[in-house]
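The structure under discussion appears below in the form of structure tokens.
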Amino acid sequence: MKKRLALILATVLLLTLGLAACNKPGTKTKQLVAQIGPNPETLDPALNSAVDGGNMLLFTFDCLLNIDKDNNLIPGAAESWVTSEDGKTWTFKLREGLKWSDGSDFTANDFVYSWKRVVDPATAAPYSETVLGMVEGYAEATGGNLDALQVSAPDEHTFVVKLAYPCAYFGELAAFAALSPVNKATIEANGEAWATKPETYISNGPFKMKEWVPSSYILLEKNEHYRDKDAIKLDSIKLLLMEDPNAAYAAYKTGEALLIKDVPTAEIPSLRENDDFYVDPLLGTYYLSINNSLEEFKDARVRKALSLAIDREYVANTLMQGVYTPAPNFIGPGVADANGSFIDNANGGKPYIDITDHEGNLAKAKELLAEAGYPNGEGLPKIVYSTNDSGYHKVVAQYLQDAWGELGLTVEVDIVEWASFTPMRRAGDYQTARNGWLCDYNDASNMLELLVSTNGNNDGKYNNPEYDEAMRKAAQETDPVKRSQYLHQAEDILMNEAACIPVAYYSEFWLQSPKITGSWFSPYGYWYLHYADIAE
Amino acid sequence: MLKYILKRVVLAALTIFLVATITFLLMNLVPGGPFVAEKSISEQAQQALNEKYGLDQPLIVQYKNYMKNILKGDFGLSLKQRGRTVTDIITSKFPVSARLGGLSVLTALLIGIPLGSVAALNRGKWIDSVIIVIATCGIAVPSFVLCTVGMYTFGVNLGWLPTFGLTTPLHYVLPIFSLSFYPTAYIARLMRSSMLDVIGQDYMRTARSKGLSQFISLFKHALRNAIMPVVTYVGPLLAYTLTGSFIVEKIFVIPGLGKEFISSISNRDYTLIMGTTIFLATLIILMNMLVDIVYKLVDPRIKLK
């Protein structure tokens with residue numbers, strides 16, 4: 001009896017070990033395991049609107065143009081491109097011999113199909129207007145007549161786009177994930193489900209989908225048909241679809257993941273000095289929206305007082321653990337203008353708010369409030385600050401209670417669940433609220449547009465004809481220098497009137513093993529892992 | 001018996017219909033919608049999406065369409081996981097949760113019942129105290145603490161166990177430990193008190209006085225009677241555990257149904273909310289029915305009406 005039991009136990013043990021051994025990944029292939037975000041809602045380029053989804057699309061698709069390590073535009077599927085003198089016609093010359101990941105031929109017509117698909121109302125692409133709104137015939141095409149969209153392929157290797165008005169950053173858009181080419185055959189055969197299964201997920205980028213287990217992992221495998229396949233050193237990339245920072249951290253600590261995006265914030269102080277902990281700026285700003293349509297906030301002095309009462313250095317360096325940087329301007333570092341860096345040329349090279357002098361700012365804030373007729377905050381109603389609960393949002397909210405309390409105001413914090421928070425903010429159903437924006441492309445207009453009275457993202461309901469006019473002029477100006485001036489004008493108005501309250505510039509922080517070489521991080525929030533290698 | 005089962009089935013269908021209706025109403029009362037993001041999508045795109053999924057229709061029409069479709073077995077497309085159907089999601093994720101959950105319930109029973117019995121038979125002795133302390137801990141410590149502590153200790157610090165995924169048998173250890181700790185403790189406590197009850201009964205004394213060995217009297221007579229409360233508990237426990245746990249699945253990166261169930265709500269993925277709720281409700285009702293039938297098998301005195 002005892003003997004038999006021992007035998008059974010031994011067999012079970014052996015089987016267990018055997019199974020464990022079978023499942024160990026092969027050691028010969030080079031696989032980079034990384035965690036760069038949770039399960040993506042979609043990997044259909046036209047439907048994606050998330051940064052992490054966009055990052056994954058960079059691995060699987062190749063746009064007309066690419067962006068290199070130094071954020072310059074470089075050839076992608078197109079080997080060259082020219083812009084007509086009036087800035088309205090863009091002609092892209094495609095490379096010879098391009099192939100889809102299934103081996104079929106790739107032509108300029110694939111771009112025509114893909115771009116028309118983005119504006120097709122039946123696709124309901126969230127980025128449609130952002131990326132193609134300036135193309136001639138856009139309005140008509142969104143009405144259903146897709147052929148009105150002025151994109152064409154005179155021959156197999158030429159792709160021509162006609163714009164309704166010049167767009168300085170159109171080159172950047174040609175490198176944007178939403179405008180990736182997609183394969184007509186697979187989409188027509190499989191409908192929206194094409195982007196969920198490896199068999200039907202046909203792409204043209206450095207990697208192709210091998211496996212997608214939702215909420216578990218995505219396995220990408222080197223695409224043998226990629227135009228530049230010799231430059232790709234990895235055999236595969238495995239993306240762990242984790243949501244929990246502690247789980248990601250454990251995977252990194254055990255060496256199972258070589259790069260993780262979700263680092264538990266509690267660990268940051270102990271990681272700060274480590275070489276494998278990275279903090280890199282993003283093109284984006286953490287700001288507060290003030291509901292300009294409310295009577296109490298119509299006076300710019302009140303809004304300015306609220307802005308000046310915030311000690312940005314304390315918020316960024318202490319509350320946000322120094323991973324974000326204090327924001328005296330709305331447009332942060334990294335954004336370019338015609339003469340170099342936008343921030344260097346803003347407000348005559350001076351920050352709009354002197355963040356080093358908090359005492360002075362606070363005194364000024366009190367003065368402004370008194371001038372507006374609310375000495376010591378008397379006469380102003382209680383202010384409700386709404387935010388969702390994630391990241392540093394709650395500590396910032398608590399800080400605002402103190403900071404605005406110094407002005408004699410009572411602040412109530414209203415924590416709202418994410419799915420309700422965004423629509424509430426958009427509807428203007430709040431007093432003050434957390435807000436934030438990450439640039440889609442490197443141009444100040446992408447953020448300044450948020451305060452244009454007709455913009456769908458104008459959560460603050462800011463309405464200033466002067467501001468709208470400056471933005472309108474900028475949009476129509478072909479001379480880059482003049483255009484920059486209009487944009488600076490707009491930011492001047494925004495900051496002088498405190499149309500919204502910038503608090504900090506975003507950064508991304510992550511852990512990355514020194515074994516990874518040849519990868520880089522772009523300020524749009526993407527990890528370029530496709531040219532990476534793993535050192536043994 | 002057959003008549004009884006038929007009656008239960010009709011009642012079950014009615015219950016599921018009510019659950020579906022109430023969920024549909026509540027879900028539409030909560031503000032927000034499935035297509036929100038930090039960056040607003042254009043009104044046209046919003047409109048197109050609403051049309052595509054029929055959300056532009058009046059609520060009563062949506063409700064009618066939905067009910068008609070589920071009668072045909074069509075739970076629709078997920079609104080958030082583009083290109084996937086709700087049926088796809090449930091059928092691909094339920095087996096993962098069910099396997100893990102089934103093993104956890106089994107573990108809980110295999111450990112909890114003996115533990116409770118041993119404690120009862122050694123009432124007041126040190127072993128009883130030890131078991132009570134363990135059981136109390138099991139009830140008091142929430143699973144996310146167990147998950148994280150287990151992961152850091154055995155996964156990160158000692159490196160004995162993998163911390164995520166479900167690829168090898170070893171991967172099951174930590175999730176099963178986290179999932180079964182609470183039910184084990186609960187079953188042990190249930191078992192202890194009902195066992196104490198039973199061993200004080202007259203028929204036990206009779207059995208002993210007839211000369212039955214302690215082993216036989218305990219296993220044949222006591223256990224069978226003492227196990228009734230555990231059977232009652234195991235029905236709903238099975239239903240909940242088989243459909244997965246949000247926390248355990250999230251922390252150990254397990255592609256199970258529990259996470260879908262919770263995230264569908266915060267995502268306002270209406271069709272997935274409906275699908276998972278109806279699925280869970282059906283499972284709970286089924287399990288309860290099963291428990292009633294098992295009752296009858298365990299205790300012939302019980303009459304099913």
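Every chain is numbered from 1 and lettered A, B, ... according to where its sequence line falls, protein lines coming before strand lines.
If you measure heavy-atom distances from A/T130 to chain B, you find no contacts under 4.5 Å at all. Within the 4.5 angstrom heavy-atom criterion, only side-chain atoms of A/L240, from C-beta onward, approach chain B. For a residue to count as touching a neighbouring chain, one of its non-hydrogen atoms must lie under 4.5 Å from one of that chain's; by this rule A/A122 touches chain B with the backbone only. A/E41 touches chain B through backbone and side chain together, each having a heavy atom under 4.5 Å away.
Note that the CG atom of B/L49 and the OG1 atom of A/T123 stand 10.0 Å from one another [nearest 0.5 Å]. Distance NZ/A/K253 to OG1/B/T163: 12.5 Å, rounded to 0.5 Å. One finds the CG atom of B/N267 at 11.5 Å from the CH2 atom of A/W418 (value rounded to the nearest 0.5 Å). We find the CG-CZ distance between A/D244 and B/F164 to be 13.0 Å, quoted to the nearest 0.5 Å.
Ranked by heavy-atom pairs under 4.5 Å with chain B, the list A/A251, A/A193, A/P121, A/P214 is led by A/P214. Most heavy-atom pairs under 4.5 Å with chain B: of the set A/E256, A/E129, A/K197, this distinction falls to A/E256. Note on B/G165, B/S266, B/G155: by heavy-atom pairs under 4.5 Å with chain A, the leading option is B/S266. Heavy-atom pairs under 4.5 Å with chain B peak, among A/S215, A/A247, A/P423, at A/S215. Of the residues considered (A/T254, A/T42, A/T196), A/T196 shows the highest number of contacts with chain B, using heavy-atom pairs under 4.5 Å.
Under the ring-ring contact (aromatic ring centres under 6.0 Å, His included) criterion, B/F75 pairs with no residue, sequence neighbours left out. Under the salt bridge (charged side-chain N to carboxylate O under 4.0 Å, His left out) criterion, A/D44 pairs with A/R117, not counting sequence neighbours.
Between A/A250 and B/M151, the shortest heavy-atom contact is CB-SD, 3.5 Å. Shortest non-hydrogen contact noted between A/S420 and B/P31 is OG-O, 3.6 Å.
Within residues 82-95 of chain B, the residues having any heavy atom under 4.5 Å from a heavy atom of chain A are, by residue number, B/R82, B/G83, B/R84, B/K93. Residues of residues 248-263 of chain B lying under 4.5 angstrom from chain A, judged on non-hydrogen atoms, are B/K250, B/I251, B/V253, B/P255, B/K259, B/E260 in numerical order.
Around OH of B/Y63, the count of heavy atoms belonging to other residues, nucleotides or ligands within 6.0 Å exceeds 12.
Within the 4.5 Å cutoff, side-chain heavy atoms of A/Y249 are placed close to those of B/Y152.
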